[in-house]
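Reviewing the structure listed below.
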Amino acid sequence: MILVSVFLPRSRTMALKFRLRESVGMQDRTYTADAEPGDDVTVAGWVHEIRDLGGIAFLILRDATGKIQIKFEKDEMDEDLVETGLGVARESVVEVSGAVEEEPRAPTGVEVTPESLEVVSAADPELPLDPSGKVDAEMSTRLDNRTLDLRKDEVQAVFEIRAEILRATREQFREFDATEITTPKIVATGTEGGTELFPITYFGEEAFMNQSPQLFKQLIAGSNVERVFEIGPIFRAEEHNTPRHLNEATSIDFEGAFCDQNDAMDVVEGVVKAAYEAIAENCQDELEALGLEDEFGLSDDAFPRISYEDAIERINATGELDEQLVWGDDLSTAAEEALGDDVGGHYFITDWPSEIKPFYIKDHDDDPQLSTGFDLMHPRMELVSGGQREHRHENLIEGFEQQGLDPDQFEYYTKMFKYGMPPHAGFGLGGERLVMTILGLENIREAVLFPRDRQRLSP
RNA sequence: GCCCGGGUGGUGUAGUGGCCCAUCAUACAACCCUGUCACGGUUGUGACGCGGGUUCAAAUCCCGCCUCGGGCGCCA
């Protein structure tokens, strides 16, 4: 990514966003975005850069709201002050007090003439990566030094937007009358078998990190709560090596009683669109930092709902695949790409063959070969999988057996289907994949502060 | 799980057997410069992932290990 400008003018909304924090921060500190000409201020932050032109020199101070220029005139100012100010290493934390003056030649139109400067925390002059962005760093170097990496505007913007996506999806779920729940991450059994779970020891007993809140959210949807959502971590022990998989991911889950797969699709479509809208409305500065301000948005059109049968026909018709797909085939990455290019936007694939969907997905009443399962696809990758759930106890037990699972191990789950389980439907949406597709990130690790992948366990 | 490609100063790179006590940028150090905004200029500092092998000669070829990234499978 290329930094658009060293000085990103922060808008009024940005300044307002941070003003709220002042009540809990340094009482007499002014954010750089709030420094107005005529004020006597104390600003505190990181030394972004020092430009020494000889008789005059500038220190660029950066904080969460932006940057401000501190001016040093060597002949006219206290020698110690100049020496301290210009001797400090980049990325050191300093606190500067002085008068803010209007100055058209300054990058933001204002600059501070310092009266005092304190080095709060000196930085090592040799940095493991360059937060000013003049020199790129590799993903691995960046992740090993996330604190420094986040000092770059375009990196910080990703996580501000991620936070906005989470806020907007939460709010949208509330619009759908769903209650936020949290379910256990340490579990006795997996959702779909034990092969892809991280085993742990729980007081001497075998346990696992949960790979999905699926069974728990169903149990709560079957209570009077009816509609639930959860935004939380999921853990998968698969040893994949791709730019779109994580071993710890954030799942955005929904489950609703008296809902069918079409209702679930309505909800997920609403949630995804709410995320796009919230970003367009509240994250202009961040979009600019990422260079996305011109092209950002999502069409108002409904996401097309394409049946599995039509999907394979359409894929075959593109001629992109070496071998024609036949009914019952799962969709390969190449097939998904061919269809994604053909559709050109988000779309659902519905009515999958029952045999390639998990046991808890309900089949169509009039055709047991067809499931109510659906996927929401972004042209670049799968975002969501969902469907109507099997709520009939007998059918559920049968499903376990057909999938080669022992229903006795899941008794905590299946027995609740004996005490009044309404029809219900839901979905799981990949949180990082949502962030990644919305922002066009090349690697899913860009969307997580401290990613867990096959190689990385720390930091 | 199968397959492919990398690892060179702090950072990012050039270099496919001798022309390399290793290129360039940035950083760092010193000096010059009174309006920079990726400031500019001069000089300097600093590196071939680890171990073994082939060769008169290895950053370069071979083997093993460590490590990073990607493709597929599978998935969110």
Side-chain angles (χ1 to χ4, degrees), chain A residues 2-8 48-60 67-77 87 89-91 103-109 111 123-145 148-149 191-192 195-196 211-214 232-253 268 330-337 356-358 375-378 381-386 427-437 442-445 447 453-456:
Chain A
I2 293 159
L3 198 57
V4 180
S5 155
V6 176
F7 287 92
L8 291 158
H48 185 70
E49 199 166 19
I50 291 171
R51 295 197 199 99
D52 190 342
L53 276 61
I56 192 168
F58 304 106
L59 183 156
I60 312 302
K67 302 184 187 78
I68 198 163
Q69 178 164 287
I70 318 290
K71 175 183 66 176
F72 293 90
E73 283 178 298
K74 289 176 190 170
D75 292 342
E76 294 168 33
M77 287 168 58
R90 289 193 318 161
E91 297 304 322
E103 174 52 70
R105 290 172 293 184
T108 58
E111 68 184 9
D124 195 316
E126 218 153 61
L127 302 168
L129 63 79
D130 173 21
S132 77
K134 281 181 206 164
V135 181
D136 283 341
E138 286 193 347
M139 181 69 65
S140 175
T141 306
R142 294 175 48 204
L143 294 177
D144 285 339
N145 302 280
L148 286 172
D149 188 46
T191 307
E192 291 144 60
T195 52
E196 50 190 34
Q211 60 156 186
S212 158
Q214 181 61 35
I234 56 171
F235 305 90
R236 301 194 175 181
E238 285 153 14
E239 298 194 41
H240 33 220
N241 225 326
T242 84
R244 59 184 183 283
H245 286 92
L246 293 164
N247 293 295
E248 177 175 356
T250 307
S251 188
I252 300 173
D253 271 88
V268 72
D330 207 343
L331 266 42
S332 63
T333 303
E336 284 176 2
E337 276 170 14
I356 54 178
K357 282 290 168 186
D375 287 354
L376 173 61
M377 308 294 299
H378 177 275
M381 74 193 79
E382 182 180 336
L383 274 183
V384 172
S385 90
F427 62 81
L429 160 62
E432 284 78 16
R433 287 192 177 183
L434 183 62
V435 175
M436 184 183 178
T437 53
E442 291 293 325
N443 191 315
I444 199 162
R445 296 167 181 90
D453 61 36
R454 189 178 163 186
Q455 334 282 354
R456 183 170 289 272

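Chain letters run A, B, ... following the sequence lines, proteins first, then strands; residues in each count from 1.
Note on A/I252: nothing from the nucleic acid sits closer than 4.0 angstrom, heavy atoms only. Among the heavy atoms of the strands lying under 4.0 Å from A/E336 is at least one base atom, whether or not backbone atoms are also near. As judged by a 4.0 angstrom heavy-atom cut-off over every strand, A/R244 is placed among the base-contacting residues. Residue contacts shown for A/A249 include a base, since a base heavy atom lies under 4.0 Å away. Nucleic acid contact for A/R454: sugar-phosphate only, since backbone atoms but no base atoms lie under 4.0 Å from a heavy atom of the residue.
One atom, CG of A/D136, and another, P of B/C24, lie 20 Å apart when rounded to the nearest Å. Following rounding to the nearest Å, A/L376 (CG) and B/C75 (C1') show an atom-to-atom distance of 15 Å. Put simply, CG on A/L434 is 15 Å from P on B/A76, counting in whole angstrom units. Straight-line distance from the CD atom of A/E239 to the P atom of B/C72: 18 Å, rounded to whole Å. Note: CG (A/D130) to P (B/U26) measures 11 Å, nearest angstrom. As a whole-Å value, the separation of A/D149 CG from B/U11 P is 14 Å. As a whole-Å value, the separation of A/H245 NE2 from B/C72 C1' is 11 Å. For the pair A/L331 CG and B/A76 P, the interatomic distance rounds to 14 Å; values are reported in whole Å.
With sequence neighbours left out, the side-chain hydrogen bond (donor to acceptor under 3.5 Å, both in side chains) criterion links A/E248 to no other residue. A/F58 is linked by a ring pair (Phe, Tyr, Trp, His ring centres under 6.0 Å) to nothing, counting only residues two or more places apart in sequence or in another chain.
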Run the side chain to side chain contact (heavy atoms under 4.5 Å, CB included) check on A/R90 and A/S132 step by step: do they pass? CA-CA 10 Å; A/R90 289 193 318 161; A/S132 77; 3.9 Å; yes
Do A/H245 and A/R433 pass the side chain to side chain contact (heavy atoms under 4.5 Å, CB included) test, and can you show the C-alpha distance, the side-chain angles, and the key distance before you say yes or no? CA-CA 9 Å; A/H245 286 92; A/R433 287 192 177 183; 3.5 Å; yes
From CA spacing to verdict: side chain to side chain contact (heavy atoms under 4.5 Å, CB included), A/Q211, A/I234: CA-CA 5 Å; A/Q211 60 156 186; A/I234 56 171; 5.7 Å; no
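Taking side-chain N and O atoms only, A/N241 has no distance below 4.0 Å to OP1 or OP2 of B/C74. Checking the phosphate oxygens (OP1, OP2) of B/C68, no side-chain nitrogen or oxygen of A/R142 falls inside 4.0 Å. Between A/T333 and B/G73 there is a side-chain N or O to OP1 or OP2 distance below 4.0 Å. Proximity of A/K134 to the phosphate of B/A27: a side-chain N or O atom is located under 4.0 Å from OP1 or OP2.
Comparing B/G70, B/C74, B/U11 by their closest approach to the side chain of A/T141 singles out B/U11. Picking from B/A76, B/A29, B/C68 the nucleotide with the shortest atom distance to the side chain of A/S140 gives B/C68. Nearest nucleotide to the side chain of A/Q455, out of B/C75, B/A27, B/G69: B/G69.
Note that CG of A/N443 and CE of A/M139 are 4.0 Å apart. Values are rounded to the nearest 0.5 Å.
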Going 5' to 3' through nucleotides 30-36 of chain B and flagging B where a protein heavy-atom sits under 4.0 Å of the base, S where only the sugar-phosphate is that close, and - otherwise, we get ---BBBB
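With C1' as the reference atom, B/C63 and B/U23 are 30 Å apart, rounded to whole Å. Nucleotides B/C65 and B/C28 place their P atoms 41 Å apart, quoted to the nearest Å. Across the C1' atoms, B/C72 and B/A58 are found 35 Å apart, a figure rounded to whole Å. Here the separation of B/A38 from B/C33, taken at their P atoms, is 24 Å to the nearest Å. One P atom belongs to B/G5, the other to B/U11, and the distance between them is 26 Å to the nearest Å. Between B/G52 and B/A30, the distance separating the two P atoms is 40 Å to the nearest Å. A gap of 28 Å separates the C1' atoms of B/U13 and B/U36, to the nearest Å. For B/U43 and B/G51, the C1' atoms lie 39 Å apart once the distance is rounded to whole Å.
Checking B/A38 for Watson-Crick or G-U wobble geometry (two distances, each under 3.5 Å) identifies no partner in any strand. Taking a pair to require two hydrogen-bonding distances under 3.5 Å in either a Watson-Crick or a G-U wobble arrangement, B/U60 remains unpaired. Checking B/U26 for Watson-Crick or G-U wobble geometry (two distances, each under 3.5 Å) identifies B/G10 as its partner. Shown here, B/C72 forms a base pair with B/G1; the pair counts as Watson-Crick or G-U wobble because both key distances fall under 3.5 Å.
One donor-acceptor pair, N or O on each side, does fall under 3.5 Å between the base of B/C75 and the side chain of A/R433. Side-chain atoms of A/H240 stay outside donor-acceptor range of the base of B/C72, with no qualifying N/O pair under 3.5 Å.
Using a 4.5 Å cut-off on side-chain heavy atoms (C-beta onward), A/K357 and A/D375 make contact. For the pair A/M436 and A/L383, the minimum side-chain heavy-atom distance is 4.5 Å or more. The side-chain heavy atoms of A/L331 and A/M377, taken from C-beta on, include no pair separated by under 4.5 Å. By the 4.5 Å heavy-atom criterion applied to side chains, A/I56 and A/K71 are counted as neighbours.
Between A/S385 and A/S332, the residue anchored closer to the 5' end of RNA chain B is A/S332, taking for each the nucleotide with the nearest heavy atom.
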